[in-house]
Each structure stands twice: as structure tokens, then as C-alpha cells.
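One structure is given below, encoded as C-alpha cells.
Throughout, protein chains are lettered first and strands after them, A, B, ... in sequence-line order, and every chain is numbered starting at 1.
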Protein chains: 2
Amino acid sequence: MKRVTLIDVGKESGVSAITVSRALRNPERVSPELRERVYAAVKKLGYVPDSAASTLASRRSTVIGILVPSFSNHVFSDVLAGASDTIEGSKYSVQIANTGYSALKEEALVPRFLTMKPAGMIITGVDQTQATRDMLAGADCPVVQIMDVSDDPIDLIVGFSNFQAAVEAVEHMVEQGFRRIAFVGTRMDPRTQQRLRGYRQTLEKYGLFDERLLITTPKKSSVEIGRHLLGELLETAPDCDGAFCNNDDVAVGIALECQNRNMRCPDDFGLCGFNDLGTTSQMNPPITSVFTPRADIGAAAARYILDRNAGQQPPENRCVDLGSTLKVRASTLRNDRKERQ
Amino acid sequence: MKRVTLIDVGKESGVSAITVSRALRNPERVSPELRERVYAAVKKLGYVPDSAASTLASRRSTVIGILVPSFSNHVFSDVLAGASDTIEGSKYSVQIANTGYSALKEEALVPRFLTMKPAGMIITGVDQTQATRDMLAGADCPVVQIMDVSDDPIDLIVGFSNFQAAVEAVEHMVEQGFRRIAFVGTRMDPRTQQRLRGYRQTLEKYGLFDERLLITTPKKSSVEIGRHLLGELLETAPDCDGAFCNNDDVAVGIALECQNRNMRCPDDFGLCGFNDLGTTSQMNPPITSVFTPRADIGAAAARYILDRNAGQQPPENRCVDLGSTLKVRASTLRNDRKERQ
DNA sequence: TTGACAAATGATTGCGCAATCACGTAGATT
DNA sequence: AATCTACGTGATTGCGCAATCATTTGTCAA
């Protein structure tokens with residue numbers, strides 16, 4: 001498998017190598033008939049450009065770097081899928097790393113990405129270390145933070161307000177008559193902390209906040225941990241009448257544990273998940289959850305990078321809030337059951 | 001941010017650039033004191049190697065390419081996590097693309113990966129097109145197929161027998177007294193087809209196979225589709241007394257739909273999932289599922305690539321069967337309920 | 001007719017590194 | 001003492017492409 005170079009293509013089509021390069025990168029700069037000849041030669045010889053050489057010469061690669069905290073969290077798989085679908089068909093490709101929810105690991109990863117002169121970077125959240133922020137700000141490529149909103153993005157931020165999402169959910173639960181609403185939180189990453197703030201502020205507004213209703217763990221979320229945490233919650237606060245969970249897995253676990261304990265939902269216990277990953281809507285009863293536009297966020301972030309690389313100017317507003325949507329379902333509907341679905 | 005090159009580091013430490021290169025790539029080839037001097041200079045100047053230049057000069061990059069059919073399928077997130085964890089800390093990085101379960105898309109993706117002279121390739125399954133196989137076989141890097149077994153791998157294959165896994169599961173269900181066992185299949189990718197073969201062969205062995213018990217859809221698996229497919233199944237074959245599902249999501253959906261229809265599990269209906277993604281074990285009743293060592297497969301594939309690049313020879317046996325484990329739970333236990341868990 | 005200018009193509013150079021070969025020195029071997 | 005060898009280091013070169021500048025040809029206005 002001998003490597004076919006621009007020179008070979010040039011010989012085949014009777015022009016110089018540099019003209020071939022132009023024909024491929026700026027087709028409008030060469031005459032139409034030459035363009036066709038070059039394309040034919042490329043096809044005939046099976047020429048594929050050497051990305052390393054191209055990167056070295058132009059100081060710009062076609063790699064888009066994506067940093068997510070975890071691969072196994074469905075939320076981020078959806079982000080990746082959205083970004084990947086948007087990039088597909090373009091000349092760009094994605095390189096991915098996970099930070100394991102560690103800002104320091106992230107700080108080590110960023111320079112590794114930057115040395116390959118990426119065409120863009122997508123990074124989760126706003127809680128980078130100052131060093132990471134500085135590196136990214138100094139990087140000569142578009143940088144998109146995702147999954148949150150901020151007044152002070154590095155370049156662009158695409159996401160939704162975790163705080164606001166929590167406020168809406170908890171407001172809804174209060175409105176439906178729940179008074180002893182727990183916060184069940186796993187992992188406790190920065191975005192979960194935002195949700196906790198929204199929860200707390202809302203309950204405080206109604207004078208319903210109680211420290212004993214906070215059940216948190218640094219462990220990753222899962223159905224199993226959800227079951228376990230309900231047990232813990234009921235020991236700490238037996239009079240608890242509902243829970244706002246930072247994740248759907250946990251909510252599903254709690255729902256299953258409710259079944260086990262013969263607690264009826266929503267009559268004995270109201271339940272709200274987060275992210276609306278799909279299973280919640282299928283449970284018996286269906287579980288209320290905050291839908292987050294994960295795939296759209298990934299797609300919008302990728303789109304921005306593509307556009308910037310195509311010469312487009314950044315928008316005036318550097319914070320794209322895609323919002324979240326409270327999906328109200330039976331697990332929190334005590335009043336007006338008729339009107340809602 | 002001026003780029004720091006090997007020359008700069010050389011000046012700082014009083015040697016030539018090439019010696020610095022050697023000190024970094026083959027530390028044992030330079031004298032210890034020089035090594036320390038170079039390391040100090042690297043640190044002082046903040047030198048980071050240029051991967052494009054390195055790739056161009058050595059015709060070998062540090063990128064490991066991974067092709068999976070889908071990001072949103074949990075199975076592949078786990079594979080990625082396993083591979084990523086193994087690679088972490090090494091000089092390698094992962095570049096990922098999804099093929100959308102299309103062999104043709106895969107065929108288009110492979111040359112794109114190969115042009116960057118990857119340090120290794122991980123690709124899902126054995127059903128590549130001949131062109132893809134040829135490209136990979138001709139590629140000058142280790143290639144690992146995953147998630148299946150084969151007598152004729154391109155280079156190495158790491159996985160388990162989907163056929164055998166299905167045989168074990170269905171044998172178990174027959175042994176537990178189920179006689180009208182359905183196969184509920186989504187997506188119907190090649191590995192699901194293997195499972196279908198195992199299912200079919202086992203039932204035929206007992207004279208229990210019936211076309212009407214096959215319920216399949218090209219749609220992707222989800223809890224929702226599981227619910228739906230149970231309805232479909234019960235219309236086609238009302239006397240059906242159990243189901244072997246190609247995926248846990250589907251099994252969970254069926255379990256929830258059973259609750260809805262007041263069908264008791266396992267008394268009225270036996271249920272077995274596939275992959276054992278975590279939720280199955282938490283359901284009421286817990287659902288039997290075939291555990292597949294996804295993270296281990298990703299890790300083993302990455303490990304092989306690392307080892308080969310470190311000069312290690314390939315093993316004699318080119319097929320690494322990591323096996324699967326049937327997790328027997330209440331959803332299929334009709335007999336001997338005491339003995340098992 | 002001339003000059004000015006634009007469009008199309010070519011020549012040269014260098015991106016930063018590693019492969020290859022060359023060289024020098026010190027100690028070992030005969 | 002002459003030769004050999006191992007080891008540590010340096011010089012040269014080229015990987016394949018794109019930035020930059022240079023050249024040619026054609027077009028049109030004055």
C-alpha cells in the first residue's frame with residue numbers, strides 16, 4: 001500500500017502538487033475543468049490526504065476535542081451522539097476523553113488536546129480550574145462549555161440552568177401539595193449542586209426547607225443506590241412525602257423501592273427525576289422528570305465549532321440557553337389529575 | 001503563546017534537539033545526568049511535543065481509533081469506559097466514531113482513521129465488508145474486533161459468544177419449565193442475530209420452536225418498545241409463557257407491562273434480559289439477565305494495542321473469549337426457588 | 001496599443017519531529 | 001600497543017502538506 005501523495009495526483013492530472021491541494025481545499029479557486037480532472041485523478045489513485053502533514057503545515061487540525069466527566073452516564077452519551085451526528089459528513093472528527101469528574105484530571109487533559117491544534121473544544125460545565133480556563137482562553141480555536149449557563153463563558157456556553165430546572169420541579173411539587181420534599185443527590189458534581197441550590201431556595205421561600213431532608217452521596221447514580229437511599233431517607237425523615245432526585249436512575253430506584261414497601265406513588269410519596277432518560281415515563285406510575293436537551297446541546301456545540309471554522313462570526317450572546325422542560329407525570333400529580341397528562 | 005520546540009529545549013540543556021528527542025522517547029539511551037537536565041528544561045520551558053510533527057516524521061500516531069455502532073447504547077459506553085481507563089496515563093488517546101450500525105458507513109470511516117496512522121484500531125463485531133476487512137488487514141497497526149468471537153479474526157478478537165450466551169439462557173428457561181418462550185429482538189444487528197440462532201437451535205432441540213414466538217423490530221431497544229412488543233407478542237401468541245430478550249431495556253419494558261396487565265412474573269410469564277445493565281437486578285421481581293463483560297472487553301482490547309506498540313508479540317490464540325454469565329434471578333425461577341438466588 | 005488588473009497556476013520554503021547514518025570517546029580484548 | 005566494541009551524542013535529511021510569493025495568461029478600459 002504505497003502512499004499516494006499530492007505529487008502523484010498532480011502528475012496524473014498534469015498539474016503541480018500545490019494546485020491539486022488548492023483544487024481540494026478551495027475548489028472555487030481553480031478552473032472547473034481542472035477541478036474535474038483533479039477529482040478524477042484523486043478517485044483513480046485513491047488519494048487520501050495525510051492529516052498529520054496537513055496539520056503540521058497549516059497549524060490547524062480537523063480534530064474536535066470533547067471532554068465529558070463520564071462515558072457511562074447516559075446524559076453524556078447523548079451529548080456525544082448529538083455532536084457526532086452534527087459533525088458526521090464534515091471533514092472533522094471527534095476525539096474524546098473523560099475527566100472522571102475531576103477538575104485536575106481535566107487540567108492535565110486540556111494541554112494534551114491543545115497540542116494537536118484542535119479545530120474546536122467542547123468541555124463540560126463551568127467549573128474548570130483557573131489554569132484550565134486560561135489555557136482554553138488562549139487556545140486558538142472555538143471553545144464551547146456545555147450543560148450549564150453562565151455570564152462569563154470562556155468563549156461560548158450551551159446548556160440550560162440547572163438551578164432554574166430545579167426551581168420549576170420543586171415549585172410544581174409544592175403546588176401539588178407535597179410539603180416534606182427530600183433532595184436525593186448522587187455524585188454531587190457542580191451541576192447537581194446547582195440543582196440543590198434551586199431546591200433549597202424554593203423550599204426556603206415556602207418555609208419548607210429542612211436539613212434532614214437532604215440525602216446525598218458521592219457515589220455515582222444507579223437504580224440500586226436509589227433504592228438504598230430511600231431506605232436511608234425514611235430513617236432520617238419518616239414523615240417525608242416526596243423526593244426530588246438529581247437523576248432518573250435514582251428516581252426509578254426509589255419508585256421500585258416504594259413498590260416494595262407498599263408506599264403508593266403519588267399518594268404516599270411524590271417523585272421527580274432529572275434528565276428524563278426514557279425509563280421514567282414507562283414506570284408504573286409514570287415518573288415526573290426534568291427533560292434536558294442533551295443531544296441538542298451536543299449538536300449546537302458542534303455546530304458552533306463548524307460555523308466558526310467556516311469563517312462565521314460568533315454571536316453577540318455568548319450564552320445559549322436551550323432550557324429544560326418539566327415533564328409532569330402521575331408520580332407528582334395529586335391535584336387536578338384530570339387536566340394534566 | 002510561542003511554541004516551544006525540541007531545539008529550544010536543546011539550547012536550554014546544552015545539547016542538540018535530536019538528543020532531547022531521544023531523552024524523551026528512549027530515556028535509557030542517554031546518560032542519566034543528561035536525562036535529568038533535559039527533563040528540567042522541558043519542565044522549565046513547558047515543552048509539549050507536537051503530535052502532528054511526530055506523526056509525520058515517524059509515520060505513527062498515538063491515536064487509538066474506536067468504532068462502535070452507537071453511543072447511546074449502554075453496552076458501548078461501557079466498552080469505551082473500559083478502553084479509556086486502560087489507555088489513561090499512557091501517551092495514547094482515543095478517537096471515536098459511531099457507525100450507526102451500518103457496514104457501509106463503517107467502510108467509509110475506516111480509511112479516515114487509517115490515514116492518521118493510528119496506533120491501533122478497535123472495531124465492533126465481525127461483520128465488516130470485505131473492503132473494510134482488507135483495509136484493516138493491510139493497516140500497519142494492531143486491530144481488535146470486539147463483542148464477538150470468531151475463528152478468523154482480522155488480527156485479534158475479544159468478546160464472547162452471543163450464540164452460546166443465548167443457548168445458556170434459553171436452556172435455563174426450558175429447564176425451569178417454560179415451554180412457549182418468545183424471542184423479543186430489537187435492532188437485529190449481527191450479534192442479535194447470533195443470539196436468535198442460539199435461541200432457535202435450543203428450542204428446536206426440545207421441539208419447542210415456533211415461528212409465531214419471534215417478535216422482532218428494526219427499531220432501537222428501549223423500555224417503551226419493550227412494553228409495546230409484549231402487547232404485540234400476546235396478540236400473536238397468547239399462550240406464550242416467557243420471553244428471552246436481546247436487551248435489558250426491552251426486558252424491563254416487558255416486566256413493567258406485565259405489572260400493568262396483572263401478569264405475574266415468573267408464574268405467568270418468565271423473563272430474561274441481555275447484558276445485565278444494572279436495572280434488571282433491581283426490578284420487582286429481579287430479572288434474570290446475561291451479564292456481558294463489556295468494560296473488560298474494552299480494557300482487554302486497549303491493553304493488546306498498548307502491548308503490541310510496546311513491542312510485545314501477539315498471543316498464539318487470536319480469539320479471546322471472555323465469556324458471559326447468566327445471572328439467574330426470580331423472573332425465571334419457577335422450580336427450586338430455594339436453592340438459587 | 002498600452003497598461004492595469006484579475007484569474008489561474010507554479011515554485012519555494014518550512015512546519016517540528018524522528019530515521020538514518022556518522023562520529024568521537026572510553027574501556028575491553030587480543 | 002593495536003584493535004575492537006559499546007555507548008553517547010550530533011548532523012543531515014525528509015515526512016506531506018499549505019503559506020507565501022512569483023509568474024503567466026487573458027481581459028478590458030483609456
Side-chain angles (χ1 to χ4, degrees), chain A residues 1-39 41-42 45-63 91 111-112 114-117 119 140 309, chain B residues 1-38 41-42 45-63 91 111-112 114-119 140 309:
Chain A
M1 263 232 281
K2 186 125 243 95
R3 164 155 282 286
V4 180
T5 71
L6 282 177
I7 297 176
D8 302 322
V9 178
K11 278 182 189 149
E12 177 72 26
S13 39
V15 292
S16 70
I18 182 60
T19 304
V20 175
S21 169
R22 252 192 303 253
L24 298 177
R25 287 178 306 122
N26 301 94
E28 75 284 0
R29 304 282 304 278
V30 302
S31 62
E33 68 269 39
L34 172 59
R35 201 182 305 156
E36 289 315 314
R37 244 191 308 148
V38 168
Y39 289 172
V42 164
L45 300 180
Y47 168 78
V48 277
D50 182 305
S51 50
S54 169
T55 301
L56 184 58
S58 67
R59 280 159 223 133
R60 169 72 47 238
S61 80
T62 57
V63 170
K91 65 178 176 179
R112 287 192 51 169
L114 292 185
T115 59
M116 49 193 190
K117 297 145 191 152
D140 177 30
N309 278 283
Chain B
M1 267 234 278
K2 186 126 242 93
R3 164 153 285 284
V4 179
T5 71
L6 282 179
I7 297 177
D8 302 321
V9 178
K11 277 184 191 147
E12 178 71 25
S13 40
V15 292
S16 71
I18 182 60
T19 303
V20 175
S21 168
R22 250 192 304 253
L24 297 176
R25 286 179 307 121
N26 302 91
E28 74 284 359
R29 305 282 304 276
V30 303
S31 62
E33 66 269 40
L34 173 59
R35 202 183 305 157
E36 289 314 313
R37 243 192 309 150
V38 168
V42 164
L45 300 179
Y47 169 77
V48 277
D50 183 304
S51 50
S54 169
T55 301
L56 184 59
S58 66
R59 278 155 228 135
R60 169 73 46 237
S61 80
T62 57
V63 170
K91 65 178 177 180
R112 286 192 53 169
L114 293 186
T115 58
M116 48 194 191
K117 297 147 192 150
D140 176 30
N309 278 282

Worksheet item: Heavy atoms under 4.0 Å, any strand shown: does A:Leu6 hit a base, just sugar-phosphate, or nothing?
Response: sugar-phosphate

Discussion item. Would the distance check show the side chain of A:Thr5 and the main-chain N or O of A:Ile7 forming a donor-acceptor pair, the cut-off being under 3.5 Å?
Written reply: yes

Practice prompt. Please answer whether the main-chain N or O of B:Pro118 pairs with a side-chain N or O of B:Arg60 as donor and acceptor at a distance below 3.5 Å.
Written response: yes

Discussion item. Can you tell me how far apart OG1 (B:Thr55) and CG (B:Asp50) are? Round to the nearest 0.5 Å.
Written reply: 8.5 Å

Item to complete: Output yes when a side-chain donor or acceptor of B:Arg112 lies under 3.5 Å from a complementary backbone atom of A:Val48, and no otherwise.
Response: no

Fill in: Whether A:Arg59 side chain and A:Lys117 backbone form a donor-acceptor pair below 3.5 Å
no

Worksheet item: Does any non-hydrogen side-chain atom of A:Leu24 lie less than 4.5 Å from one of A:Tyr47?
Response: yes

Item to complete: Shoot me the first and last contacting nucleotide of DNA chain D against chain A, ordered 5' to 3', at under 4.0 angstrom to non-hydrogen atoms.
Response: D:dG16 to D:dA19

Fill in: Residue-level proximity of residues 18-36 of chain A to DNA chain D when a heavy atom falls under 4.0 Å
A:Ile18, A:Ser21, A:Arg25

Discussion item. Angle between the end axes of the helix from C:dT1-D:dA30 to C:dT30-D:dA1, five pairs per end, to the nearest 10 degrees?
Written reply: 40°

Worksheet item: Backbone N or O of B:Glu28 within a donor-acceptor pair of the B:Asn26 side chain at under 3.5 Å?
Response: no

Worksheet item: Can you tell me how far the OG1 atom of B:Thr62 sits from the CE atom of B:Met116, to the nearest 0.5 Å?
Response: 10.0 Å

Discussion item. I need the B:Leu45 CG to B:Leu6 CG distance, nearest 0.5 Å.
Written reply: 11.0 Å

Worksheet item: In Å and rounded to the nearest 0.5 Å, what is the OG to CG distance from A:Ser51 to B:Leu56?
Response: 10.0 Å

